[in-house]
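What you are looking at is a predicted structure, and each value in this text was computed from that prediction instead of being measured.
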Amino acid sequence: MTTQRLRRLTVYTLATEAEEDAIRERIRAALCPDPDHDGPCPNPWLLIVTDSESLDEEEAAAMMEALLD
């Protein structure tokens, strides 16, 4: 039997708003294939999206470096 554990997935990408929306939708569909279920999701998950304009320069530079590495 597979045991569920708390996991953190980090994705850095250069994307337009439309591409970001498509990425969000694909992640949502992978984690919660039934968006019309009642109550809380049976597979709890959280998606946090941050763009470089909301980060300080050092953190944005580190993200870009990691992305291009």
Problem set entry | CA sep, side-chain torsions, deciding dist, call: Leu14, Met64, side chain to side chain contact (heavy atoms under 4.5 Å, CB included) | CA-CA 9 Å; Leu14 295 173; Met64 184 62 77; 3.6 Å; yes
Exercise. Under a 4.5 Å side-chain heavy-atom rule over Ile, Leu, Val, Met, Phe, Trp and Tyr, are Val11 and Ile23 clustered together?
Worked result: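 Hydrophobic grouping puts Val11 apart from Ile23.
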Exercise. Taking a hydrophobic cluster as the set of Ile, Leu, Val, Met, Phe, Trp and Tyr residues connected by side-chain heavy atoms closer than 4.5 Å, whether directly or through intermediates, do Leu31 and Val49 fall within one such cluster?
Worked result: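 Linked, Leu31 and Val49 end up in one cluster.
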Exercise. Got more than 12 heavy atoms from elsewhere within 6.0 Å of CG, Leu9?
Worked result: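 No, CG of Leu9 has 12 or fewer neighbouring heavy atoms, counting only those of other groups under 6.0 Å.
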For this session: Hey, could you give me the CD/CE distance between Glu59 and Met63, rounded to the nearest 0.5 Å?
Result: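 Answer rounded to 0.5 Å: 7.0 Å.
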Exercise. Checking Arg28 side chain against Cys32 main chain: does a donor-acceptor pair fall under 3.5 Å?
Worked result: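 The answer is yes, because a donor-acceptor pair under 3.5 Å joins these two groups.
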For this session: Taking side-chain contact (heavy atoms from CB on, under 4.5 Å) as the test, write out the residues that go with Asp34, two or more places apart.
Result: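 Residues passing side-chain contact (heavy atoms from CB on, under 4.5 Å) with Asp34: Asp36, His37.
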Problem set entry | Within residues 39-56 or reaching into it, pairs that qualify as side chain to side chain donor-acceptor pair (under 3.5 Å) - sequence neighbours excluded |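 Side chain to side chain donor-acceptor pair (under 3.5 Å) check on residues 39-56 returns no pairs.
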